[in-house]
Every structure is written in structure tokens, then in C-alpha cells.
Number of protein chains: 2
Amino acid sequence: MQELDDREAALDRAFLALADPVRRALVARLSRGPATVNELAEPFSMTKQAVSKHIQVLEHAGLITRSRDGQRRPCHLAPAALEELTAWIDTYRLVAERQFRRLDTVLGTLKEEQK
Amino acid sequence: MQELDDREAALDRAFLALADPVRRALVARLSRGPATVNELAEPFSMTKQAVSKHIQVLEHAGLITRSRDGQRRPCHLAPAALEELTAWIDTYRLVAERQFRRLDTVLGTLKEEQK
DNA sequence: TTCTTTATCAACCTTATAGTTGATTACACC
DNA sequence: GGTGTAATCAACTATAAGGTTGATAAAGAA
């Protein structure tokens with residue numbers, strides 16, 4: 001059952017990582033291409049250390065990866081991790097929507113029978 | 001700019017709501033149909049009050065709605081709210097994937113030119 | 001009315017998160 | 001070597017989240 005726990009913990013980290021407007025802005029920026037910590041920190045009115053912490057949260061969640069370019073460590077978005085999140089959400093969203101359609105059908109049938 | 005802040009706060013609440021295995025299990029259960037607090041709390045080894053708090057988090061995030069049936073207050077999943085989350089994620093995932101494909105094309109062209 | 005069920009409220013504790021400042025590592029350039 | 005830049009580590013504070021217990025409200029059933 002360790003695999004299940006691992007997967008749950010990974011979902012915890014990924015959803016928690018996106019539950020912050022700063023980190024979502026970082027994701028939005030990185031979707032347009034790689035960037036360094038200093039470049040990412042520039043638009044924010046907070047210290048570089050704080051942004052570095054946010055980046056570590058995203059990295060630990062698997063949403064971004066880092067590479068090495070001299071003394072720089074550019075961040076890259078990991079679309080596959082984002083895809084896993086939409087897959088999780090869609091699983092239950094689609095089941096629920098199917099339920100709703102089924103209910104609509106039942107209600108429609110009842111309405112027909114009343115005529 | 002209040003609209004943007006509202007939307008950001010709504011995303012905060014929704015992603016945070018899903019960043020917990022108990023609340024994800026509640027969503028999974030509710031995807032198969034409505035349920036009361038007691039029914040939802042039964043599988044968990046925690047107090048009913050704790051589950052009630054989790055449900056309030058999901059409700060405040062707009063992921064579920066409540067109705068009234070005598071002394072019961074059944075919970076219903078709100079698929080539209082889930083859809084908004086996948087829409088947000090997919091926006092940046094698709095941009096990033098397009099970037100990757102473009103990079104692949106460039107690398108492929110360079111490789112061709114080297115022949 | 002009294003009793004039971006459903007669900008929430010209130011107070012409290014523990015742990016985790018977001019931010020700060022100051023020191024430190026690691027690499028590049030001269 | 002010595003200097004400047006990129007990035008992180010460490011320690012600390014304040015706020016919020018997840019859990020508990022105990023009391024409370026509200027609707028049904030006896």
C-alpha cells in the first residue's frame with residue numbers, strides 16, 4: 001500500500017503547491033519558457049529568499065525541474081506533472097457529470113409519465 | 001482589479017481544498033452521488049467534527065453544495081468548479097507543451113543541418 | 001414534552017506555512 | 001589569489017490548518 005501513500009503524498013504536494021497565487025504566477029511565467037530565480041523574483045515585492053522557497057515547493061511537488069548553467073540554476077516547467085493533476089480531477093468530474101445526466105434522464109422520464 | 005483578486009482567492013481555496021487526502025476521498029465518494037456528513041465520516045478514523053470541518057472547506061471552495069432534507073444536510077459535488085481547475089492547469093500546461101514541441105523542432109532542424 | 005439523531009460551534013493544542021534578516025556556499029571573472 | 005553575482009541555508013516570528021473534547025442547536029420520533 002506504500003504506492004498508494006506515495007501517490008497521495010505527491011497529490012498533496014502538487015495541489016498545495018498550486019494553492020498560492022505567487023506559485024501560480026511562477027507556473028504561468030515558466031509556461032512561456034525557463035527562467036532563473038532572480039528573473040522569477042523580479043516582479044514580486046518580496047525577498048529573493050522567499051521566492052526561492054516557493055520554487056523549492058514547486059520543485060518538491062514535481063511541477064518544475066532545475067538545470068545547471070554555470071552559477072545559474074534555471075527552472076523549467078514539468079507539463080507531465082500538471083497533466084496528472086487534470087487527470088485526477090477529470091476522473092471524478094466526469095463520473096459526477098455522468099450521474100447528473102442520469103438524474104436528468106430519470107426526471108425527464110418521470111415528467112413524461114405524468115402527462 | 002477586484003475581480004482578479006477574487007478569482008485568485010477562489011483558486012487558492014479550491015487547490016488548497018484538494019491538497020488533503022481526506023478531502024480528495026470525500027470528493028471521490030461524492031462523485032458517485034450525494035451523501036450526509038455521517039455517511040461521509042464513517043470510513044475515517046477521526047471525529048465527525050473533523051470531517052465536518054473538511055466538508056466546510058470543500059463548500060467554501062465551491063467544490064460542493066449542501067441541500068436540506070429534514071435534519072440531514074446532504075452534500076453534492078459541483079463538477080463546474082472542478083472544471084475551472086482543469087481549465088486553469090491546462091492553460092499553462094498546453095502553452096508549455098507547445099514550447100517543448102517548438103524546441104524539439106528547432107533541435108531537429110539543427111540536427112538536419114549538421115548532416 | 002422528552003429522547004434520539006444530525007450537525008455545528010467554541011475553545012484549545014500542535015504542527016506547518018509564509019515571510020523576514022543575516023550568514024554561507026558556489027561559480028565566474030579579472 | 002580576490003571580487004562580484006547567483007542562490008541557498010539557518011534562525012526566528014506570526015499566522016493558519018488539522019485535530020481533539022465538550023457544549024449547543026434543530027429536527028423527528030415516542
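The sequence lines fix the lettering, A, B, ..., with proteins before strands; numbering per chain opens at 1.
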* Asked: Which pairs count as salt bridge (Lys or Arg N to Asp or Glu O under 4.0 Å) when at least one residue sits in residues 84-97 of chain B, sequence neighbours excluded?
  -> Arg7(B)-Glu84(B), Asp90(B)-Arg93(B), Arg93(B)-Glu97(B)
* **Summary of salt bridge (Lys or Arg N to Asp or Glu O under 4.0 Å) pairs that have at least one residue in residues 36-45 of chain A, sequence neighbours excluded** => none
* To do: Hey, could you give me each pair passing side chain to side chain donor-acceptor pair (under 3.5 Å) that has a residue in residues 9-29 of chain A? Not counting sequence neighbours.
  => Asp12(A)-Arg24(B), Arg23(A)-His54(A), Arg24(A)-Glu8(B), Arg24(A)-Asp12(B)
* **Qualifying side chain to side chain donor-acceptor pair (under 3.5 Å) pairs with a residue from residues 59-75 of chain B, counting only residues at least two apart or across chains** => Ser67(B)-His76(B)
* **Verify same cluster id: Val51(A), Leu30(A) (apolar side-chain graph, 4.5 Å)** => yes
* Could you list where the contact with chain B starts and ends along DNA chain D, reading 5' to 3', using a 4.0 Å heavy-atom cut-off? => dG18(D) to dG28(D)
* Asked: In residues 13-34 of chain A, what residues come within less than 4.0 Å of DNA chain D, judged by heavy atoms?
  -> none
* To do: Using a cut-off of strictly less than 4.0 Å between a heavy atom of the residue and any atom of DNA chain D, enumerate the qualifying residues of residues 40-59 of chain A by number.
  => Lys48(A), Gln49(A), Ser52(A), Lys53(A), Gln56(A)
* List for me each residue that meets side chain to side chain contact (heavy atoms under 4.5 Å, CB included) alongside Thr47(A), sequence neighbours excluded, and say none if there are none. => Gln49(A), Ala50(A)
* Listed by chain and number, what are the side chain to side chain contact (heavy atoms under 4.5 Å, CB included) partners of Lys48(A), not counting sequence neighbours? -> Val37(A), Asn38(A), Ala41(A)
Protein and nucleotides 1-5 of chain C: nitrogen or oxygen contacts under 3.5 angstrom:
residue: dT5(C); atom: O2; partner: Gln71(B); partner atom: OE1; Å: 2.7

Measuring from atom [atom1] of [X] to atom [atom2] of [Y], what distance do you get when rounded to the nearest 0.5 angstrom?
{"X": "Leu82(B)", "Y": "Leu94(A)", "atom1": "CG", "atom2": "CG", "result": "9.5 Å"}
{"X": "Cys75(B)", "Y": "Ile64(B)", "atom1": "SG", "atom2": "CD1", "result": "4.5 Å"}
{"X": "Leu85(B)", "Y": "Leu18(A)", "atom1": "CG", "atom2": "CG", "result": "9.5 Å"}

* To do: Provide the full list of ring-ring contact (aromatic ring centres under 6.0 Å, His included) pairs with a residue in residues 7-47 of chain B, sequence neighbours left out, each pair given once.
  => Phe15(B)-Trp88(B)
* Asked: Cluster partners of Leu16(A), using ILVMFWY side-chain heavy atoms under 4.5 angstrom, listed by chain and number?
  -> Leu16(B)
